[in-house]
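Beneath this line is the structure, given in structure tokens, with notes to follow.
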Amino acid sequence: MSELSSRQAKKLSDYKAPEFTITDVELSFELSPEATALTAVYQVVSASGKAGTLILDGQELKLLSVSLDGQLLNADSYQVTAEQLILPGMPAKAQLELKIELNPKANTALEGLYLSNGAYCTQCEAEGFRRISYYLDRPDVLARFTTHIIADDNTYPALLSNGNLVSSTLLPDGRRHVTWVDPFPKPSYLFALVAGDFDCLKGSYTTGSGREVALEFYVDKGNKQRAHFALESLKRAMLWDEQSFGLEYDLDVYMVVAVDFFNMGAMENKGLNVFNSKYVLADQSSATDTDFFNIESIIGHEYFHNWTGNRVTCRDWFQLSLKEGLTVFRDQQFSADMGSATLNRIDAVKTIRTAQFAEDAGPMAHPIRPQQVLEMNNFYTVTVYDKGAEVIRMLHTLLGQAGFRKGMDLYFKRHDGQAVTCDDFVSAMQDANGRDLTLFSRWYQQSGTPQLKVHSHYDAKKREFKLLMQQHTAGTADQAEKLPLLLPVRLELLAEGKSYPYLLEMTEAEQEFTFAVSQKPIPVLLADFSAPVKLHYQYQMDELLLIARDAKDGVARWDAIQQLWQMQVIAAIDAKNTGAEYLLPGELLEFYRQLLAKPLEDLAFTAELLTVPGYDMVAEQFDEIPVQDLVWVLQNFQQQLATKLVEQWRLCYKSLHPAAYQYQEQHVAKRALRSVCLQYLAFVVGSDELLRQQYQHSDNMTDQLAVLRSCRTASHPLFAELMADFEQRWNNDVLVLDKWFSLSASYPQSSVFDTLEQLTAHPQFSWQNPNRVRAVFGAFYQQNPQMFHSADGKGYQVLADVVLKMDSINPQVAARLVTPLLSWKRYQAQSQLQLKSVLQTMLAKDLSDDLYEKVSKSLN
Ligand code: TRP
Ligand code: ZN
């Protein structure tokens with residue numbers, strides 16, 4: 001803790017409005033890989049109208065000169081530290097000019113100005129602008145930006161920045177000088193610059209009010225054909241935001257640049273989004289249905305930020321969920337409207353139950369509005385994003401669609417052009433609906449996963465059904481004391497073949513709800529996962545099967561099957577420990593047999609029901625995770641289902657004739673169900689021909705990858721042969737090759753340790769490219785629990801070495817990769833010791849703030 005404070009963690013409670021602000025910024029970049037010259041001119045104004053000391057943020061900058069109102073300053077009239085430029089005696093109003101030299105080529109952290117395959121690009125969120133220039137690098141300083149870019153016209157024909165292009169001149173020396181002006185004042189984190197030689201896919205969109213917007217997608221040469229889907233997705237997103245929230249785009253041009261070197265998914269820079277190329281480029285032969293889905297959703301996400309994030313931005317970084325939680329909620333609603341609401345909701349629930357509940361249970365637990373931060377990049381988390389979206393969704397549930405919309409309208413009316421807090425958002429919702437949301441705001445302050453325990457009682461004489469509900473949140477690493485929260489609990493009572501819907505509002509630690517019903521109902525609790533809590537209720541197997549058949553809510557039906565599987569997991573582990581054989585119950589097999597004989601109308605939903613929950617899903621119910629038992633049990637379940645229903649899988653598979661590929665809801669659903677059948681068939685002998693056939697004859701990546709994945713999961717002998725073919729075929733296409741990297745790293749046999757070494761020696765592997773590193777090591781720990789947790793601790797050691805290596809190249813990526821090592825308390829004794837020891841070794845090194853914050857917390 002003492003070093004944490006010496007490393008200057010920031011606290012929400014210490015927020016102070018800035019003493020100076022900057023109203024106008026003029027940046028001139030003369031691009032050069034190792035010596036880019038930047039001139040930055042700021043109009044600086046004191047908030048109080050008084051002179052004072054101006055302190056600008058800056059990191060790893062080569063400062064050449066400082067001028068104030070046209071006067072060059074002596075080096076002794078200002079002070080430069082590792083993180084600041086301090087200017088005493090700053091007048092109440094002045095023009096400050098800085099000259100700075102940058103080395104984009106040496107920038108492997110991919111924050112600030114860097115090179116991606118020879119193209120210049122920037123990443124400024126959260127605090128990357130300070131690696132470009134000294135600045136008031138905080139989101140509550142909003143300035144109008146003018147950007148000049150000067151670069152060789154042949155090498156860098158595209159010179160882009162935020163806003164509108166106002167001039168472009170070819171200079172006598174063959175360089176071009178362009179000027180961009182962004183009319184909307186913005187914080188520095190939304191600044192962007194891109195320079196390169198791209199193919200450009202152009203389109204246009206006419207807004208509801210008749211404004212024509214040019215849409216431009218900049219992609220690597222030769223990839224233009226792969227950008228069409230992203231362009232169409234953008235048009236759908238623009239229309240959707242007009243229809244759903246009355247929000248239109250506000251500039252003449254919307255640009256998206258796809259780059260290979262990128263720390264995250266995408267970035268919503270004003271008018272100039274920068275995307276990880278994997279979330280832009282897709283065609284049927286190189287991308288899966290999931291890739292297409294992700295592209296549409298992330299294109300939507302970044303577009304929706306234009307209002308929730310850019311027009312109304314965050315006062316400080318503790319308020320990150322103000323824009324991220326809300327924008328995730330908006331992209332989820334968009335995806336739901338573009339496809340199946342139920343399947344989208346199931347995906348969101350999976351994310352919360354696996355990654356988010358795990359974060360709450362680990363050393364990095366934090367509320368959706370964190371209270372203390374050392375490295376802001378560490379707080380772009382499933383808690384801030386996805387639990388944040390759940391909190392917005394609860395407001396939507398409590399206020400209804402129309403009430404929520406009224407709140408959004410008021411929020412924009414009050415705060416357009418401002419940098420605000422989560423409280424401002426809740427106030428808008430509250431005032432627009434005349435409803436007190438004080439209790440609800442606890443969701444912003446409290447971390448941890450609430451446990452909701454429910455007991456029921458039916459009084460046949462009084463014809464009364466009672467639900468006794470108790471909520472409790474255990475203390476978390478960051479916060480010992482917890483208070484009761486406002487929980488919206490959707491409920492269906494199933495009785496007499498009917499479903500009666502309710503929305504309960506739980507506000508106390510303990511509450512009783514009474515219902516008049518003429519026979520004993522089955523309660524469907526927490527339908528639609530109406531609150532991000534862990535539900536405990538003693539269901540019987542027949543009740544769960546009934547819910548799976550009769551509940552109105554699709555999520556609840558799916559959830560009933562999940563709970564059934566969780567029960568089997570416990571029973572099978574008990575059996576394993578006593579040396580008994582465990583057979584899946586006949587009722588469950590019968591349910592599956594019927595489903596396979598007569599799939600539901602919704603094939604994708606059928607596919608979900610037929611899938612045994614994943615490792616991370618079942619792991620989350622254990623305080624101490626019996627990793628190898630779980631791996632064994634899940635494998636065993638699949639094997640049993642495969643053999644017992646082999647004819648059914650075959651028939652169902654054969655009934656789903658593949659059609660020519662289209663990314664279209666029914667087609668996607670059919671492929672999903674077919675893949676599930678194939679996965680089971682890979683567990684039985686005699687499926688080689690079928691696997692080989694599908695791999696060789698399908699016309700799309702989804703079906704080909706399904707074969708490889710099935711072989712991987714079942715450790716099928718065909719795996720090596722098909723993987724070798726795949727590598728050959730896609731060796732020159734890194735985006736596709738990443739799928740091969742991931743499959744190789746997730747092979748659940750001890751040979752994977754040699755494989756990992758070969759992968760990092762592969763000609764297409766690069767430690768500098770986060771996509772490659774994540775494809776290999778992300779897959780290793782996420783999809784290969786068996787080997788990552790191998791008894792000798794080798795998996796931990798391998799990951800720890802990679803994390804340390806990455807920390808000197810790209811701390812942001814290193815700090816994400818370290819995540820699975822941090823939760824050592826969740827594992828069994830031997831693993832705990834091994835994990836603790838690698839963490840201690842790590843902590844003894846000279847770590848980045850990113851890594852230090854996480855590792856030190858985990859050892860507290
Ligand atoms: N604001 C971005 C989004 O959610 C994510 C983001 C934050 C990011 N920091 C980043 C992206 C750094 C890339 C690199 O859409
Ligand atoms: Zn976002």
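Each ligand, and each atom within it, is numbered from 1 in the order the structure gives. For clarity, every value in this text was computed on a predicted model and none was experimentally measured.
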Give me the ring orientation class for His396 and Phe329: parallel if the planes are under 30° apart, tilted from 30 to 60°, perpendicular past 60°. tilted
Quick one: sort the Phe529 and Phe357 rings into parallel, tilted or perpendicular, breaks at 30° and 60°. tilted
Of all N/O/S atoms in Glu324, which lies nearest to the Zn ion (ligand 2)? OE1
Atom of His301 closest to the Zn ion (ligand 2), considering N, O or S atoms: NE2
Subset of ligand 1 atoms that lie under 4.0 Å from at least one heavy atom of [X]:
{"X": "Glu302", "value": "3 (C), 15 (O)"}
{"X": "Gln812", "value": "12 (C)"}
{"X": "His305", "value": "3 (C), 4 (O), 15 (O)"}
{"X": "His301", "value": "3 (C), 4 (O), 15 (O)"}
{"X": "Lys323", "value": "1 (N)"}
{"X": "Ala266", "value": "2 (C), 3 (C), 5 (C), 11 (C), 15 (O)"}
{"X": "Met267", "value": "1 (N), 2 (C)"}

Atom CD in Gln333, atom OG in Ser244: separation rounded to 0.5 Å? 8.5 Å
Side chain proximity check, Met394 to Phe440, heavy atoms < 4.5 angstrom: yes
Would you say the side chain of Arg330 lies within less than 4.5 Å of the side chain of Phe245, judging by non-hydrogen atoms? yes
Would the Tyr120 and Tyr156 ring centres measure less than 6.0 Å apart? yes
With a 4.0 Å cut-off on heavy atoms, does Glu111 reach ligand 1? no
Considering only the protein, which heavy-atom contact is closest to [atom], and what is its distance?
{"atom": "atom 1 (N) of ligand 1", "answer": "Glu125 OE1, 2.5 Å"}
{"atom": "atom 12 (C) of ligand 1", "answer": "Gln123 NE2, 3.2 Å"}
{"atom": "atom 2 (C) of ligand 1", "answer": "Glu268 OE1, 3.2 Å"}
{"atom": "atom 6 (C) of ligand 1", "answer": "Met264 CE, 3.4 Å"}

Measuring from atom 4 (O) of ligand 1, which candidate in Phe379, Tyr385, Phe262, Phe304 has the nearest non-hydrogen atom? Tyr385
Cation-pi check for Phe191 against Lys186: NZ or CZ below 6.0 Å from the six-membered ring centre and within 45 degrees of the axis, yes or no? no
Regarding Arg774 and the six-membered ring of Phe780, is the cationic atom NZ or CZ under 6.0 Å from the ring centre and inside 45° of its axis? no
Working for ring pair (Phe, Tyr, Trp, His ring centres under 6.0 Å), residues Phe334 and Phe304: CA-CA 10 Å; Phe334 169 59; Phe304 303 142; 5.3 Å; yes
Would Gln356 and Thr383 count as having a side-chain donor-acceptor pair, cut-off 3.5 Å? yes
